[in-house]
Structure formats: structure tokens, C-alpha cells
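Here is the structure we will look at, set down as C-alpha cells.
In this chain, numbering begins with 1 at the start of the sequence shown. Heavy atoms only: backbone and side chains are in, while hydrogens, waters and symmetry mates are out.
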Amino acid sequence: MSADSHTGGMTEEKCPQLVDYFVVAGLDPAGPWRPLDEDGKAASSSSSSPARAVEPVTDLVVIAKGLGEEVPEGFTCIEKTLGGHSAELSAGLINNPHLYLCYRRGRDKPPVLDLGILYEGKEPLKQGWYVIETTPYSRLASLSAGGAPTAHRVFLTYRRALDSQGLHTVGITDIALLLPSKGEVAPHTFCRVDKNLNTGMWGPALYLCYKRYPRYPQEDLEAFPLPESVPVFCLPMGVTVESWPLNTKYQLPVFSTFVLTSASGDKVYGAAIQFYESFPRELLSERQCVRLGLLSVVDRRPITNRSLHVKKSICVLSHWPFFTVFQKFLTFVYRYSISGPHVLPLEKHISSFMHNVPFPSPQRPRILVQLSPYDNLLLCQPVSSPLPLSGASYLKLLQNLGPENACTLLLAVLTEHKLLLHSLRPDVLTSVSEALVSMSFPLRWLCPYIPLCPLQMADVLLAPMPFIVGVHSSYFDLYDPPTDVVCVDLDTNTIFQSDDKKPLSWRSLPRKPGKTLFNTLTNLHRTLEKICTPGQEDATLEFLLTDFDQIYRRQKQLELEIQEVFLRFMSCLLRGYRAFLLPITQAPSDTTTDCSSLFNLQGFLKSRDRTQQKFYSQMTRTQMFTQFIEECSFVSDRHACLEFFDECVQKVDVEKPEEVRLIDLDESHSGEHTVFIMPPEEPQEPDGSECPALYSYETFPTLRPDLFDQPQDQLRVPAKGSAPSSPAPRRTKQEIKLAQKRAQKYSTVPDMWSKCLLGHCYGLWFIYLPTFVRAESAKVRALHTAYDVLKHMENRKVVLPDEVCYRILMQLCGLYGQPVLAVRVLLEMKKAGITPNTITYGYYNKAVLESKWPSTNQGGRLRWAKLRNVLLAVAQFRQPIKRRQKSGSVGSRGAVRDPAGRNKAVDENYNHVSSPSRGGLAGKLQQLLTPTRHRVSVRRAASVDDRRPGGGGGGIGRRVSDQRQSRKSQVAETLLKVLLSSCSLCRSCNSLVYDEEIMAGWTSDDSNLNSSCPFCSASFVPFLNAEICGERCTAPQRSRRLAASSVFTHPPSPTLLQGSSVGGAPQVTVAYLSPLVLRKELESLLENEGEAVLAQPQFLDSHSIIFWNLVWYFQRLGLPSNLLQLVQASPLVSQLTQVPAPLSEGSAVRVRLLWDTLTPDTDQWPPLYILWRIHSGTPMRSYSWRRHNHPFTLSFLEEVLRWVGMNEVHKAVTLFLDTLAKQPGSPRIQRSLYREFLFLTLAAMGKDHVAAFDKKYKAAYSRLSNTLSRDELRKKRVQPPSPKAIDCRRSFHPTLEC
């Protein structure tokens, strides 16, 4: 286990803050509080927060009573100081206007947060502060002398809460004035403004002080204002003043937890400890002292053998349910307050814990916090699970309820009953309540939910709706629960139900999954009784810090097993529900979003067993189920959780679902790396000695803001770069995990590995698709291009790792208003046998619901279509007559010859014919209707396979890029060429490894950059080489070249510009990444920097590895992109030694993908295909080969080709090996014998002979292995590529160039 210092650990990255607020709740002796009533009970439970029982101050004014001004209506004037003296603000002025401060309380506007005094001219006004310049009667409210210059005026100032923080923000509750010369001091809970209000020549100094509720930080966080009801939850049963005999021991602090739920459903977790401290007798009346036994009843003599105590609470609020950690921290704070003296004040420890302790992350899974030399606590990263994080404790649920009652309460939750939980242990209430609402996952409890309900809020039990409420058992000493409420006593494991209704029984659950649930919980309950000892909790309450690593791991495992039992039950309960979801396929109406329109409820009920109909009918009528269907049908913040649940449903759809593991723990980040957080550093005297211990407390102190340390670095999560409205290419953790499993499975199957890689390549393009569509002017055409790609992928049987391709296209359809295309994408998805998961289904419904649909009024369109068809039919009938009249020959069926002799195709789908040369109605209608229809028909008919017989997908790229390039070809005179090659050298055996062999050597690990050499099996990092060169050509030549060439098939390479040959052309070498690795890196880039980075010119330089790999794969598959436009603006182009003219916007970039290496080792012998081209005089790139005494003459090459052509490849291999054996020394060859023959065949005979050559060579190798051992053949690099490599080449066709 390693340990880091706090400084080093915190500078790695920003993490979420663990604790948001520290709050002290109780009865303030110095503040206004409600006394005990005649019965000795608290007058109101709101006394738990006396400062909050009164309304906050919302308005302040200054009035001049000496000038006849009166107190405004609703305001209270402060006429006396704390000691009863006059509270005039202007007592020291010569012309005393008798100024007084008035305030008003209320809830109608945001409260006042701070008060201040402004010495005008000496200091600037702080931002966000307001000045009280005038009285309500428009007179000057300056506290200085009336004749004083403007620069010396003094005003009262205040700061108000923001409107966005709401009306219930913690504000000022009391204001007072004090005269220090009269012995008046600010009460403990008041904050004094250290500026004298009396600026006159005489009179005592007057100071202003005010009170706010004790909490830290004092100001609300912008993202999470402090809820007003926190003190009530800290002391749910209110505050009581009690008298004890003198020798009575203090009760141990009671730990409690609670959950606050915001309007948006976000949870805030609170942890508090309640304790007793002494209370002064002086604040009690004589009658109260008598009732508390402090005075004798007859003669009112003081009774000295009793002491007074009052209840107080300290609390922390957090978004994370680390209840055990918070209990230890609060216990330490309490112990610190009752011990001492100390060198450091208590505020230093509180601020250190809040500012320096981050949320455990994968980079720091364990955080050891040293609170003091004797106190520490350990934070562990929560279990990485797709299930939502909560404060649930399934161990406490099963421990306190048992198997039978746990199943019964699950039934009550699923059918939305009123549940009232009560216990004498407040922390158990929250843990069990959280488990109750979590065990019904994926259904979410939407009704009132208060795990620890204060006495003030007990009226919620009378609500006419379902609820889950927890109360302290002492509540029943005061009130009786309603009769229609199911009461659950967690201390006695008893469920009380009304006699009027049939009691709930777990046997009402569906029989088979219910019985499995009960039996499994029974077994786990026996295990739980063995590992959980009764005294463990008591030891924790007595402030014992134990090393619980081993116990914690066993309990964590048991916790997950119990959670998995409930998850398996819910998966069996809702099995097959997705088949009954109804997608939106038409223009939305008023009832489109109703649950009845989104879900086939009757079909779902009919699919269940007849004996279960009653239960399912009750469950499907609940708010939880309706909300669940809506979340499954539309985009929601729970899509990752719902997608995980869908996977669980698929797993349990087997014969024995109880044997299937549903929750797979992610142990990839569960390292032992521990960050060590040091306690606050104690100050030292100037001579190096220890400072004296000055801080000791009789009661828990009032927190002083000046003693808190300010945060050095805000532990906040940085904002994500991706815009929320942009199509999200990110996969969920579950999708990533599933893709890794599939890749691991397919990596062992040769004919599936290439399809897996191909699927990730298409996934890369669809991740890039939003950037491509945004840059295109014809965005709808680009979307149809993407749709053609989807169809092409289906035709090629591409194995998609996830649904991101469909999801992004659906989201783009919604973004650009194409709902009909979104419906076609869904049909294409179902045609491919893919059932959309929750995320994809939500984006689909969002697209078709929010987009504008085409008009449904077909009347006019149908009439025009009928008229058009009649006219076209007449024209067709007249064609034979016109043919007889004309001398022109009749063409083949489906085409007519125009006067110029060109054949015009007839589109049978739209009855398109040549436009009549004469005028008239028919001709005009033909001109109006036909051209648009024809363009549409051409676009729709131009599928991938039609445009390219080979079916490689290049036609899609040509269709978009060639149109764009043909428009630019009229102005551009400079052509940039980019040559790319993935051929890499294995340093271990000095062999060149080619593209398909590299692909076959990749692993399914998306973090592994290595491939394996097919000759020595060594791991190496392959590289992708790019070379940029320029070409001088005129516009007509360039236009012809662009029109006649495709992405992969080119004429012989033209002459390069001077200086841009191999020696002068800029070259780039980057790591050649597997599509799996590249996708992970691309997703990480978009997550951190946003989608806009893909279109920025600096993308090529800042992320060159990702850029060139994307260019390589997009060009391999013929997929259109705008990446090549970034090459023109790259500094690499400026490195070309001679460029005819500056590259204009119309300059084109052509890419050639080469099979062989771009930078061959000229110390080695030239390959056979190079020698053949030299002998045959074929133009090629200049490599500056050195002169070698190699044995490969022209006659040798012709002999090899003759044997290959005669299907006698084994003789060619034997000839090659014999020729090498006759040479002295080792042969200088880096290519395998297969590769030498393949490239020679390719150069001499063309690409059409590659497939036939593979069969011939494989047969020759089998024949040679009879005479030579396979090891010997491998040493001589004679073996052919593996079946996995051949399949990779076949999947990523067409064949690369040599």
C-alpha cells in the first residue's frame, strides 16, 4: 500500500467535494427561544432551530425621528442596545437628526445575508452590496455630520441573497446594537461589524452586530443552497431542557441520518449526532425551575443536587452517503469540543475536512484521513455498479426485517401502500428506508418519501396518497397513526396492519420468482447472523475506531448478494416488457405521450400467467410503472441504469435464472493506492517552540468564521466539453463492458475478428458524423448518405459492438427535422435483428416527437400526381409514333437516343422520359415536376453496391467528395497528395509486417497498442506513415484526373514537384491504433475537449495520432469526411520546398493508400516488384536504391511469373530458396517470400489475380511442408498469412496499392 502526501495527491486532478455543509442545530441561550409550556413540554418542535423559527430579515431602512419620520408599516425599530441604552445611530452629531435602524421580516423576497458600514471615499463598495443612502422619506441617511464633505460620509450597507437561491436561503435573523463602553459585548452567536457607527466628535462608540444560523460555509453554494429544514431533521423530536441528578453520566451521543430530496429528485444525505450539554439556570422562569425540580415547591429554595442539560446536534450534508465516515468525523468533532485545551481551534479541523478530503476516485480509491495523532478514518471508493448510488443498507434491511417481512414490504412498495417505519435507532430508519425504495429498481418511488420525519412534518401521515415515512418510536407516545397506514417496527420486526383490509402477504407475489426470492433471502439471512455480531454497533457508538477491512469486504460482498436477489426478482417480474413498447411512427398527436400509446398494456398482461393477473394489474396502475414506461420511451437521466436493467432481463431469460450473476464488480480501478490526508498543521512560536493551548470549550462553541481556513483549491468537477444539445457519441459503461466481452470472444474466431474491427471502424465514422453533417451545406443529403452506410453495413454483415451508429443518426434526424428518416433507421435496425435498448429507443422517440413532420394533407399532391401520370402515359403512347417519324435508331429498352446521340436512361420508378421540345401544358408540367423528382431518384437509387460493384463502400465517399471536388476543380491549380502506409518493421526479426497481419495481431484490449509479429511472435507497436507532396497540373488536367479516378484506383503517379520527393516531402509517423483503441481515445478526446475539436485546424497538430488514424480508416472504407481540409491549413504543407502558388480554398487533397512501406531500407535488396517495374520502365516513386549484387535478374523474375501463371507456385518457391542459398552471407530481405511473390504478381498481372494467388500459394505451402518442417519454413519466412489476416484483408477490401 502506497501513501501520498495531501499536496501531491490533490494536484493530480479536480475531484468532487465530499462534504458540502457543516451545521450546528440546537437551542441558543442568547437568542430568542420559546419557553416550556405549563406541561413542561416544548412549546413547539420548531424550537430545535429557534433562529430559524422566526422569519429572516428582508428589508432595512434608516429613519430620522428628529425630523418627524415614523417607523414604516411592518418594520421594527431598534430603539435600545443590548444593555438597554439608547440605540441612536447619530448620537455624536451636532445637529442630531435622531437616526434609528429599522428592519422587516418576511418571506416575500430573498433575505439579507450580511450587514456592513461604508466609509465613503476610503474604500470601494463591494460587488453585490447595497447602500442605504436615503430614508423612506427621501432624506439623506448618512451617519456622519450633516456638513461633512462627500468624501467623509458613512452609510449602512447590506448584501441580499440572489433570486436564484430562493426565498428560503439562510439569512440574518436578528440585529442588535451595542456600546462596549457600557460593558456590552456581542452574544456568542452574533457577528460583530468592527466599524464604529459613531463618527461624531463626542459620544460612546456604537457597534452593529447581527445573527445568522451557525453553519459552515456561511454563504450558500451556488449549485446547492442550504435547505431551510436542516435543523428540524437534525433534531426531529425537537429540543428539550432536562434536569438530572448531579452524578448522572452523560448519555452517549445518538447518531442519525436523513435524506433530503429536491424537486428534481436529487438526493442530499445528512448525518448528525445528538448530544447533551449544560444549560444555564438563569434563562428559566421560577415556574419552570419548580417543574424541573430545581426549586422546592413550598419555600422556593434552590435544590443544588441537580443539573440542567439541553440537547444539541452537529451535522454534515453531502451528496454522497458515506454515513460511517461521517459518523466517525462527527464523533471526533464532539470529542474535541469536550476535551482540551487545544492548540488549534475546532474550526481548523472542520474546514480541513471539508476542503481537503475529496470523493474517492479511480485514481485515489482509498483515502486515509488523519484527524489527529490518535484518530483517523478511511474512505473507500464505492463499488462501481450501474445501479444508482444510495444510502441503502440491505444488510440492515434483512437483519431488522427478516426474509418474510422483507418480501412483504417489497409487495407493499410495488403496489404503492402507505408505509410508516419506526425505530429507536434513527440511523437504521434511513438505511432501511433507502433499501425499500432501492429494491424495486428499475421502478422509482415518486410519492412522498421522508426516511426520518421530524415531528413538525408528521402531518404527512394524513396525506391521501402513498408514502414511505420513518419516525422515532417516541412519536407513538404523543400520537396514534392513521388506520390506513402499514406500521413497521424495526426494533421488534413486526408489521401492524389495519383489521379492515386483507393483510399483505409475500405469497401474493408471482409464485416462482417470489418463492426463489424468499428462499434465497432465507439462506443469506442465516449467513448474515453468523458474520454480524450484536456488539459491533455498540462498539462504534462508544467511539471505537476499528480496522474493519476484512469485515468490510465480507459485508460488502453480502450486501451485493442481497441486492442482486432483489434485482433478479425484478428482472423476472418484468421479463419481456420491451416487446410491448410501442414506438412513435406517425406524426404526434395529443395522446402520443400517454402511457397507453407508449405501451401495449393488455398484451403485457396476457403474456403473464393467469394466477398473477391481480398483482400485475395493481402494479401497472401505479405511478412508478407509468413513470418507468415514460423513461424507457424517452431520453432520461436514468438511461444508463435502464440499459443495465435490460441486460439483466436478457440474462435471466434462461431456465435457471437464479444461477446467473447479474452484478459484475468492476475491479479494474480497485487498487490499493492510498492517499494520505494530514491533519491541520499546528502553529509554532517564532523561536520554534510549541504554541500554548488556548482553546477549550465548556459547551459546543459557536463557530467563528474568522477561524476557518479558506479553501486553497476548489474540489469541483470540471465542466464537460461536449455540449448537451450535440449528439452524444459516448457509450455507457455497460455498453463499453459488453463491447469488450464481444471483442474478447471474436478475437479467437478468425472470420469474426475482422468483422469486429470493421464494426468499430464504422462506429468511428458515426462518432465523427455530427461534425461532418455540420460542415456540409446539404445536411439532409449527408444524413441520407449515412443511412446508405447503415444499409451497406447490413449487407456486409458487419458486427456492430453497440448501437451508437443508429443512435447518433436518429439524434441527427431529430436535430435537422427528419422524422421520416428516423423511422426508416429504426426499421433498418430491426431488419438487422437489433432490438433498440433504452438509450437508443429514447433518442428515437425524441427525434420523431420533437421534429416537424411533413404535411398530412395529401389532397392537392394526389391530384397533381394523377394529372402527371396521365400526361406521362400519353407521352409514352406517343413515343412509338415519334420513333417511326424520326430517322433515329431505336435504342434498347429503357433508353431513348436524343438528337445528339446520347442515351438517356429511363427511371422506371418515376416514369422519367426526355422533356418534350415543344411547349404546351405537358411540356411545362414535365419541366416543373421531372427535374426535382429525377434528382431525388438518382440520390435514392445511388446505393453503395450500385455505384461500386465491388461493394467496398468507396462509392459513398466518391459521391460526396467528387461532387465537391468537381466544383472546385475549375479554380484550383495545386494538388496535394497524401500517401499513407501502415507497413511496419518488427525490430526483433527485421521483418516487414503488413496491414492485414497487423490487424490479425491486435488484441481485444482497448488499451493495448501492440500487435504481434507473425514471424517471431514478438510484440511491437505498428506505425502509420504519412507523406505529403505537391503536384503541378492545370485545371483541365486536374479535373479529368479527379473525374476519372476513385479513392483507391489511380493512374500511374505523376511527376512530383521539385524538392517534394522522398527526400524533401514532409513525413509524419504516428502509432497505428487498433479501431478499439482509437475509439476509446476518440471518445476520451470528445469527453474532455468537446465535439468542436474535430473541426478545428489545430486538431491535426494537437492530436496527430487520432487524426491520421481516422483518415486512414475513413479512406479504407470510402467514407466521406472533411478531415483532409485540415491538411491544407497544416504547417506540414508549408514545408514543401516548392509550391507553385499559395494553396487556395479550392485546392484538392488526394489520398493514396499504399500496401508497402513509404520509406524502404535502401541497404536491403530491392523487392521483386520494384525490380520488375524498373525493367519494364513503369513510372514510380524515386527511392534512391543503392547498387546491390542481388541475384534477381529479369530472367529470374520472368521464370517466377511463369511458374505462378502455370499454377506451379511450389516450383517458384523452390527456385527462390535455391537462389538465396547460393548467395554468400545472409540475404538482405525484409519481406516474406509470400509478400515478394504477391507484390510481383500484383505489379505484373493486376489486382484481379490476388485471390487466385492466395489459393495457389496456400496449396504450394502445404506441398512444401511435406519435404521441409514448418519451423524451418517459418524461419525462412515462407509461411502464408494466417486465416485471420486473410479475412481482415477480405473485409477491408479493396486491396491496397503497391
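A donor and an acceptor atom, one from each side chain of S431 and S393, are nowhere located under 3.5 Å apart. Side-chain contact annotation: D427 with T257, donor-acceptor N/O pair under 3.5 Å absent.
The two residues D484 and K418 have their closest heavy-atom pair at OD2-NZ, 2.7 Å. Residue S390 comes nearest to Y269 through the heavy atom pair CA-OH, 3.3 Å, listed as atom of the first residue, atom of the second, then distance. Smallest separation of non-hydrogen atoms from Q623 and L446: O-CD1, 3.7 Å. Closest heavy-atom contact between F329 and V316: CE2-CG1, 4.0 Å.
A donor-acceptor contact shorter than 3.5 Å is absent between the side chain of Q274 and the backbone of V254. Between the W445 side chain and the P448 main chain, a donor and an acceptor come within less than 3.5 Å of each other. With hydrogens and angles ignored, the 3.5 Å screen pairs no side-chain donor or acceptor of R444 with any backbone N or O of F628. Looking at N493, its side chain does come within 3.5 Å of a backbone N or O of L401 through a donor-acceptor pair. Proximity of a side-chain donor or acceptor of S318 to a complementary backbone N or O of L18 within less than 3.5 Å is detected. In this structure a side-chain-to-backbone donor-acceptor pair under 3.5 Å is missing from T240 to E242.
Between S423 and the options T492, D491, N400, a side-chain hydrogen bond (donor to acceptor under 3.5 Å, both in side chains) holds for only D491.
Under the 4.5 Å side-chain criterion, counting only non-hydrogen atoms from C-beta, F353 is not in contact with F332.
The aromatic ring centroids of H422 and Y475 lie 6.0 Å or more from each other.
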